[in-house]
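To keep things clear, I will list the structure first and then write my remarks on it.
Every number for a ligand or one of its atoms is a count from 1 in the order of the listing. All values derive from a computational prediction rather than experimental measurement.
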Amino acid sequence: MSETIDYIKSIIDNFEPEIGLVLGSGLGELADEVNGKRIPYCEIPGFENSTVQGHKGSLVFAKVNGKKCVFMQGRYHFYEGHTLQKITFPIRVMKELGVKTLILTNAAGGINPNFKGGNLMLITDHINMLGTNPLIGMNNDTFGPRFPDMSEVYKKRLRDIAKQQAHILNIDLKEGVYVASSGPSYETPAEVKMLAILGADACGMSTVPEAIIANHCGIDVLGISCITNMAAGIENKPLCHEEVVEQANKIKSDFKNLILSIIENI
Ligand code: HPA
């Protein structure tokens, strides 16, 4: 960890980010448009290379709407074969750099029948169906407790700001529970039915590990899903990654405007 922090600080000087953002599939463009310092993951000691189409791997440090931010342009996924510890390492790096608030974004399949492709969903809570947890192993007490409370991972204070800004921008922001499973295969229709019964409104393959690690070390989390498609079996058509990226592209202007106003008002 200290090698990573020393390397990053040697590039960003005294820039101390207060807000961290993780940009999901097809949503990385926001970080292209900000003026700041970019460090490719492949140059950062301790970071893995990201392998997914539509995900660029860089940390971007920039002042946005008066707030010092660090963007993860591209994230790591469990299905790439990384351990959950590797996937979430950048979140602990953010903590060490001074981040207090983390905005997690993702592309997700809609399970709630009131959703449609193109909606944005504020994450109220999550269900971890990864079958594992990034905190398994020796607890690092400098980051947080062995048995962290998970009663309010996605902070109400931040959700209220998001809802207020969506209202001002006239964006129909849905709300719901996000469930993460490992992927990379999409869910079967039977699994989607099960997830609906379990109380999930949207399903995806990310976000939960980062939220667990952020919550553990006392970073406040806000989560926003782009509903890029309805989950398998809800509409009578097959799912494909190209469609997910295409739909994310269509939502991106609303998405960017919402994120920028949230940043301004945190
Ligand atoms: N399922 C899982 N992950 C996803 C989906 C989906 O339907 N859409 C985008 N990411």
Side-chain angles (χ1 to χ4, degrees), residues 21-30 50-57 72-82 84 87-88 103-132 134 154 172-212 223-252 254-256 258-259:
L21 294 102
V22 180
L23 301 175
S25 287
L27 305 170
E29 199 178 280
L30 185 56
S50 176
T51 62
V52 193
Q53 226 179 310
H55 285 256
K56 279 189 204 160
M72 275 188 83
Q73 193 178 30
R75 62 146 58 81
Y76 301 111
H77 298 86
F78 194 37
Y79 61 73
E80 292 172 89
H82 307 301
L84 291 187
I87 290 168
T88 53
I103 303 177
L104 295 172
T105 69
N106 58 52
I111 296 177
N112 185 320
N114 297 321
F115 294 177
K116 58 178 192 297
N119 281 149
L120 295 173
M121 183 191 89
L122 185 61
I123 302 178
T124 54
D125 202 351
H126 75 223
I127 298 173
N128 178 7
M129 293 285 275
L130 296 169
T132 181
Y154 305 87
D172 177 21
L173 182 63
K174 307 290 189 191
E175 287 184 69
V177 172
Y178 175 89
V179 60
S181 43
S182 72
S185 47
Y186 289 114
E187 301 72 21
T188 63
E191 286 164 348
V192 171
K193 270 189 201 160
M194 173 191 75
L195 296 170
I197 292 166
L198 295 182
D201 296 289
C203 54
M205 306 174 192
S206 67
T207 302
V208 163
E210 293 120 323
I212 292 172
I224 295 182
S225 294
C226 284
I227 306 298
T228 50
N229 56 282
M230 289 310 284
I234 294 184
E235 285 171 352
N236 199 13
K237 58 177 188 189
L239 272 52
C240 72
H241 182 64
E242 288 67 32
E243 195 193 322
V244 167
V245 173
E246 195 185 306
Q247 188 59 260
N249 265 322
K250 284 191 196 152
I251 320 176
K252 73 187 172 195
D254 272 358
F255 172 79
K256 279 192 281 195
L258 180 60
I259 297 288

Checklist line | Distance-minimising heavy-atom pair for I111 and A196 | finding: CG2-CB, 3.6 Å

Next item on the list: Taking the side chain as every heavy atom from C-beta outward, state whether P113 and I234 have any pair of such atoms under 4.5 Å apart.
Entry: no

List ligand 1's nitrogen or oxygen atoms that come under 3.5 Å of a protein nitrogen or oxygen, with the partner atom and distance.
{"residue": "ligand 1", "atom": "1 (N)", "partner": "E187", "partner atom": "OE1", "Å": "2.8"}
{"residue": "ligand 1", "atom": "1 (N)", "partner": "E187", "partner atom": "OE2", "Å": "3.4"}
{"residue": "ligand 1", "atom": "7 (O)", "partner": "N229", "partner atom": "ND2", "Å": "2.9"}
{"residue": "ligand 1", "atom": "8 (N)", "partner": "G109", "partner atom": "N", "Å": "3.4"}
{"residue": "ligand 1", "atom": "8 (N)", "partner": "N229", "partner atom": "OD1", "Å": "2.7"}
{"residue": "ligand 1", "atom": "10 (N)", "partner": "A107", "partner atom": "O", "Å": "3.3"}

Item checked: Minimum heavy-atom distance between C203 and Y178, given as atom pair plus value -> C-CE1, 4.2 Å

Item checked: Steps toward side chain to side chain contact (heavy atoms under 4.5 Å, CB included) verdict (N106, I123) -> CA-CA 10 Å; N106 58 52; I123 302 178; 3.9 Å; yes

Notebook entry, point to check: Under the side chain to side chain contact (heavy atoms under 4.5 Å, CB included) criterion, do V244 and N229 qualify, and how do the steps go?
Noted result: CA-CA 7 Å; V244 167; N229 56 282; 3.6 Å; yes

Check: Is K174 atom NZ crowded by more than 12 heavy atoms from other residues, nucleotides or ligands, each under 6.0 Å away?
Finding: yes

